[in-house]
Amino acid sequence: MSHSYGDRLALDAISLGVEAGEIFGLLGPNGGGKTTLFRILSTLIPLARGSVSVFGHDLKTDAQSVRREMGVIFQSPSLDKKLTVLENLRHQGRLYGLSGKPLMDRIREMLDRVRLSDRANDFVEKLSGGLQRRVEVAKSLLHRPRLLLLDEPTTGLDPGARKDLWDYIGELKRNEGTTVLVTTHLMDEAEKCDRLGVLDRGHLVAIDTPDALRRKIGGEVIIARTRDPQRLCEGIAQKFGGEPKVLDDTVRIERAGGHTWVAQLMEAFPGQIDTVTIGRPTLEDVFIQLTGHRFWVRDGDGGGKP
C-alpha cells in the first residue's frame, strides 16, 4: 500500500503480512509513517492505493466486517472521563450490538481480567493513567476481536504501568490467541514483539525477529567520539577498511572482535579520539545500519498532514 498527503509521500509501497496469534511491532521514529499505516488499518482514513485483507475481509470493500474483527487502542485516550468505568464499557458494548445479560457478563469478565472489578463504579477521571489504560484494553476487547491494534500504547505511562500493559498483551497472545499489532518508537517495547517491521520515512526497510535483525550486524559496535569525525572516519576506512559512519560528533564502526581491536584503533590515531565505547548490537544499531542515521524523534509524524 501507498499513501500521500498532497505531494508528500507518507507510505511508499508497504507490503507486509502479520501471522495469526503473533505480536507484530511497527518500529520507527516519529515521521516514519507508523501513524499513517495505523490510521489506514483502523479504517480512520481510506486506503488510496494498494490492498489490505484482515482475516479474509477486504478493507476497501468490506470495512464494516474489518471493524468487527478488530479492537483499537489509540495513542490519545478515548474514554469519557465524566462517566464511570462501567458506563464507558456499557456504551462500547452497545455500539457492537451487545445488550442485557450477555453484555453485563462480558463487562464483568473483562473487568476481572484487567483487575478493575472493584473500580467499576469509579469515574474515569479519578483513575491514574495506568488504570485508565486498563479500561481502554477492556473496552477494545469487549466484542472479542481477533486482532488488537495499539498505537504507542504506553505513551504517558510510568514504568510500572507500562510493564502491566505488556504483561497483559503477552497473556492475550498465550491464552486467547489474539493477534496484536503495535506501533512503537521504544526499543525495549520492540524487543517484546515476535517480529518487527522497521519503518523509516515511509519505507519498510526490514521485517524479522528482533534477534535475527541484530544478527545482521557483524560483531560488536564501536563508537569513537572525536573533534573531527569526518577526518577520523576517512582515516579508519583507509587504514582498516570496512564502512565506518559519521554520526554527529562520533564515528560508528561494526567489527568482529571489536573489544581487542580498540587498542589498534587508539594507537593508529593518537590524540584524535576523545572516548571510545563498545557494546553488542542493539535494535538502534540495526536501525542505523539500515538507514544510515540515528533513531531520533523528529517533529511531525509521517502520519500527520503537512
Side-chain angles (χ1 to χ4, degrees), residues 1 11 14-28 32-45 47 50-75 78 92-93 95-96 98 106 109-110 113-114 133-155 162-186 188-199 204 206-213 283 303:
M1 77 182 79
L11 293 176
I14 299 296
S15 178
L16 61 87
V18 179
E19 299 293 330
E22 78 171 337
I23 300 174
F24 188 95
L26 289 170
L27 174 67
K34 302 188 308 297
T35 297
T36 294
L37 183 53
F38 186 90
R39 288 175 178 172
I40 291 172
L41 295 177
S42 59
T43 74
L44 285 179
I45 58 177
L47 175 63
S51 62
V52 175
S53 176
V54 178
F55 296 115
H57 303 295
D58 187 273
L59 188 67
K60 274 187 176 179
T61 61
D62 196 8
Q64 190 60 36
S65 293
V66 170
R67 294 186 190 106
R68 283 194 291 266
E69 295 284 8
M70 68 172 63
V72 183
I73 298 179
F74 297 100
Q75 183 175 347
S78 63
Q92 177 75 3
L95 291 176
Y96 281 88
L98 301 174
R106 182 60 176 165
E109 179 185 349
M110 289 311 306
R113 284 191 186 178
V114 298
R133 242 349 179 203
R134 288 197 214 171
V135 180
E136 296 261 16
V137 171
K139 176 183 172 183
S140 67
L141 295 172
L142 205 59
H143 61 293
R144 303 182 190 274
R146 290 195 284 170
L147 170 64
L148 180 62
L149 301 180
L150 304 101
D151 186 20
E152 304 281 0
T154 61
T155 297
R162 287 177 58 197
K163 181 180 182 303
D164 284 346
L165 179 58
W166 274 97
D167 285 347
Y168 188 70
I169 291 172
E171 290 176 15
L172 281 174
K173 175 195 170 182
R174 290 190 301 272
N175 301 332
E176 304 290 332
T178 305
T179 304
V180 179
L181 189 147
V182 56
T183 72
T184 185
H185 64 271
L186 302 175
D188 61 328
E189 293 189 356
E191 292 282 1
K192 302 176 189 296
C193 298
D194 297 317
R195 287 193 304 144
L196 292 171
V198 182
L199 280 169
L204 186 65
I207 297 180
D208 218 325
T209 66
D211 285 343
L213 288 171
L283 287 177

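FYI, the numbering just counts along the sequence from 1.
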d(Thr36 OG1, Met1 CE) to nearest 0.5 Å is 11.0 Å
Please verify the inter-ring angle class for Phe38 with Phe74; under 30° counts as parallel, over 60° as perpendicular, anything in between as tilted. perpendicular
Distance col, row Ile14:CD1 vs Leu26:CG, nearest 0.5 angstrom, shows 9.0 Å
d(Glu191 CD, Trp166 CH2) to nearest 0.5 Å is 11.0 Å
Review point. So, the side chain of Arg106 versus the backbone of Leu142: is there a donor-acceptor pair under 3.5 Å, distance only?
Key: yes
message = The test is salt bridge (Lys or Arg N to Asp or Glu O under 4.0 Å); show your working for Glu189 and Lys192 and say whether it passes.
response = CA-CA 5 Å; Glu189 293 189 356; Lys192 302 176 189 296; over 6 Å; no
Which of Val180, Leu181, Val182, Ile73 passes side-chain contact (heavy atoms from CB on, under 4.5 Å) with Leu149? Answer is Leu181
Here the gap from Lys173 atom NZ to Leu148 atom CG, rounded to the nearest 0.5 Å, amounts to 14.0 Å
Is there a donor-acceptor contact under 3.5 Å from the side chain of Thr184 to the main chain of Leu27? no
Closest heavy-atom pair, Leu11 versus Ile40, reported as atoms and distance to 0.1 Å, is CD1-CD1, 3.9 Å
query = Between Arg134 (side chain) and Val114 (backbone), is there a donor-acceptor pair under 3.5 Å?
reply = yes
Of all heavy-atom pairs linking Gly71 and Pro145, the shortest is N-CB, 3.4 Å
side-chain contact (heavy atoms from CB on, under 4.5 Å) between His57 and Val66, worked out
CA-CA 6 Å; His57 303 295; Val66 170; 3.7 Å; yes
On a heavy-atom basis, the closest approach of Glu109 and Arg113 is OE2-NH2, 2.8 Å
**Under 3.5 Å: donor-acceptor pair, side chain of His143, backbone of Met70** = yes
d(Thr154 OG1, Ile169 CD1) to nearest 0.5 Å is 8.5 Å
Distance col, row Leu141:CG vs Gln92:CD, nearest 0.5 angstrom, shows 10.0 Å
Evaluate Leu196 against Leu283 for side-chain contact (heavy atoms from CB on, under 4.5 Å), listing each step before the verdict. CA-CA 10 Å; Leu196 292 171; Leu283 287 177; 3.8 Å; yes
Problem - Heavy atoms of other groups near Lys60 NZ, more than 12 under 6.0 Å - result: yes
Within-4.5 Å side-chain heavy-atom neighbours: Thr35 and Thr183
no
When every non-hydrogen atom of Gly32 is compared with those of Leu199, the smallest separation belongs to O-CB, 4.0 Å
Scanning both residues in full, the closest heavy-atom pair of Thr179 with Ala20 reads OG1-CA, 3.3 Å
Closest non-hydrogen atoms of Asp151 and Arg133, given as atom of the first, atom of the second and distance, are O-NH2, 4.4 Å
| Donor-acceptor pair, side chain of Asp194 and main chain of Ile23, under 3.5 angstrom | yes
Intermediate values then yes/no, side chain to side chain donor-acceptor pair (under 3.5 Å), Arg68 and Ser65:
CA-CA 5 Å; Arg68 283 194 291 266; Ser65 293; 3.2 Å; yes
Quiz item: Is there a donor-acceptor pair closer than 3.5 Å between any side-chain N or O of Glu136 and the backbone N or O of Ser78?
Solution: yes
